[in-house]
Participant: 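Would you mind keeping the following structure in view while I ask a few things?
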There are 2 protein chains.
Amino acid sequence: MAHDDVQPASLACGDCPIQHRAVCARCDADELEQLEKIKYYRSFEAGQTIIWAGDQMDFVASVVSGIATLTQTLEDGRTQMVGLLLPSDFVGRPGRNRAAYNVTATTDILMCCFRRKPFEEMMERTPHIAQRLLQMTLDELDAAREWMLLLGRKTAREKIASLLSIVARRDASINMSPSARQMVFDLPLTREAMADYLGLTLETVSRQMSALKRDGVIELQGKRHVTVPDMDRLLLEAGDDSDGGFLI
Amino acid sequence: MAHDDVQPASLACGDCPIQHRAVCARCDADELEQLEKIKYYRSFEAGQTIIWAGDQMDFVASVVSGIATLTQTLEDGRTQMVGLLLPSDFVGRPGRNRAAYNVTATTDILMCCFRRKPFEEMMERTPHIAQRLLQMTLDELDAAREWMLLLGRKTAREKIASLLSIVARRDASINMSPSARQMVFDLPLTREAMADYLGLTLETVSRQMSALKRDGVIELQGKRHVTVPDMDRLLLEAGDDSDGGFLI
DNA sequence: AACAGAATTTGACCCAGATCAAGCAATATC
DNA sequence: GATATTGCTTGATCTGGGTCAAATTCTGTT
């Protein structure tokens, strides 16, 4: 998951052919050449499952463009989203060859993959890769823990408001000044995906969206296009004491 | 408490004075000497808050003995536990000087601390420390995500059964063969702490404990001492498809 | 042993969110 | 242009777990 400290500009790192913050921010020419040899691209269509939980993983990868979700399921079909993969996010872990989650493309997606074994060997020789991955993993852990608070203790309305403010914030950091009061963005998730993320049913998501609209917290044009007239109001509804999103 | 006196063999790494898997498993004599210089011990009593969210952190640390919890709170007082710190676990992150969570001792606890700046500098020079921390952080992330599934999608009864099976499993890995059908252990948590961990109220925890007892899934001697006559039954109640605990 | 205080259990009641079931709107297919 | 298909909304009803309150252990102290 990406974070507030990661500026979109930092995603493309100069003339690095991989253009990925996890592995190339501090790579020298020699290291980049090594990476070049073990890398390949894979693309998936929206809705495709990229990796099934339990699958053999012979690669680690980073998202170049598009969005994917990490989900866990109970055998009776209950599913919980446990993470989002946004451009520049990393998936797969050195040292383990089985996937722990389902990874599903929610939009068309392009992944930059590295063969696992050589990547691990390279990591041994190239300390700053482990350091960078540690940094990213710690960010993800913070995000996951923030989400635990949401899942365990927030009301449905607060959950929705939290998700909206997070998406708004991320969109804003890409499209406009993050301090603007009014924000406009498209939801990258269906109601069902929102429900899976928030630990709710899609009906409750829909009802709370309608409630927030009725109360003037948000405006909806169509189903995906959202206008937030007053971000402070939305953040208040989210129930966070802090200024909002660690998440995403 | 059982955990104070029993240390898994793997925690003590040879003649390393720090005896901590995060930082010394592959340290040579020279590195150990450096660590020795920046380390100190702190101890806390059960109930004490070790670190407040937002506090300045001038150290990173690992638990030598005892148990602590990581909690997040909303400003109206709702709290959610987001992690447990057990002996050998690491807390604090290189590269950030503000704590993100409250850390509270649930038993008397001894921590081995390293001054942050020199630790970071040492990490730069000593690749395997970052590699080890990455490994540990990835494990924690998996645990957090497993917990997200629990928080978002499991019923109260399943949550309790999950927690019990996790504690049983961890205890078993210390005290006896993990494959035994019957298990006996002490809960290291109060009902309130269990509730904070599971995203429930303490009344619901109590009720579900009683229900599991009534249904013969567990036996209770006193409030903390638990006997599980049939671990498979408990795991079934936990609703996991896998064989249980990534967690803890 | 008796008491105080905390932790836990149990009961009665309530409500947020789940479930079940229709309708509606937008897009894709023929 | 008619018709599925898919995603979303809304309504009616039910229920798991929350809330409030009162016992009942347990623990430590005098």
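Not measured: the values here are computed from a predicted model. Residue numbers start from 1 in every chain, and the chains themselves are labelled A, B, ... in the order their sequence lines are given, proteins ahead of strands.
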Participant: For R78(A), which contact category applies under a 4.0 Å heavy-atom criterion: base, sugar-phosphate, or nothing?
Facilitator: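 The residue R78(A) makes no contact with any strand.
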Participant: Measure from CD on Q80(B) to C1' on dG18(D) and round the result to the nearest Å.
Facilitator: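 My rounded result for the distance is 15 Å.
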Participant: How close or far is atom P of dA18(C) from atom CG of L198(A), stated in whole angstroms?
Facilitator: 10 Å
Participant: Which sits closer to the 5' end of DNA chain D, T201(B) or G222(B), going by the nucleotide each is nearest to?
Facilitator: T201(B)
Participant: Taking all atoms of both residues into account, what is the closest heavy-atom pair of F185(B) and V228(B), and its distance?
Facilitator: CE2-CG2, 3.7 Å
Participant: Heavy atoms only: give me the nearest G66(A)-P87(A) pair and the separation to one decimal.
Facilitator: O-CD, 3.4 Å
Participant: Of the nucleotides dT9(D), dG18(D), dG17(D), which one has an atom closest to the side chain of R207(B)?
Facilitator: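 Nearest nucleotide to the side chain: dG18(D).
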Participant: Measure CZ/R191(A) against C1'/dA26(C) and give the value in whole Å, please.
Facilitator: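 It works out to 13 Å between those atoms.
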Participant: Could you report the tightest heavy-atom contact between W147(B) and Y197(B), atom names first, then the distance?
Facilitator: NE1-O, 2.9 Å
Participant: Tell me the interatomic distance from E203(B), atom CD, to dC14(C), atom P, rounded to whole angstroms.
Facilitator: 17 Å
Participant: Determine the contact category for S206(B): base if any of its heavy atoms lies under 4.0 Å from a base atom, sugar-phosphate if only primed atoms, P, OP1 or OP2 are that close, otherwise nothing.
Facilitator: base
Participant: Starting at atom NZ of K154(B), determine the distance to atom P of dG17(C), rounded to an integer number of angstrom.
Facilitator: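 Distance check: K154(B) NZ to dG17(C) P gives 22 Å.
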Participant: Using only atom types and a distance under 3.5 Å, with no angle test, would you say the side chain of R191(B) pairs donor to acceptor with the backbone of K223(B)?
Facilitator: yes
Participant: Identify the two heavy atoms, one from K154(B) and one from K159(B), that lie closest to each other, and give their separation to 0.1 Å.
Facilitator: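 In this case the closest contact between K154(B) and K159(B) is O-CE, 3.4 Å.
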Participant: Please determine whether a side-chain nitrogen or oxygen atom of T204(B) lies at a distance below 4.0 Å from atom OP1 or OP2 of dG16(D).
Facilitator: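 For T204(B), the contact criterion (side-chain N or O under 4.0 Å from OP1 or OP2 of dG16(D)) is not met.
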Participant: Has the side chain of R157(B) got a donor or acceptor that lies under 3.5 Å from a partner of the other kind on the base of dG16(D)?
Facilitator: no
Participant: Rounded to the nearest Å, what distance is computed from the NE2 atom of residue H225(A) to the P atom of nucleotide dA25(C)?
Facilitator: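 The answer, rounded to whole Å, is 20 Å.
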Participant: Starting at CG of L151(A) and ending at P of dG17(C), how long is that distance when rounded to a whole Å?
Facilitator: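 About 13 Å, once rounded to whole Å.
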Participant: How close or far is atom C1' of dA18(C) from atom CG of L202(A), stated in whole angstroms?
Facilitator: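 Computing the L202(A):CG to dA18(C):C1' distance gives 11 Å.
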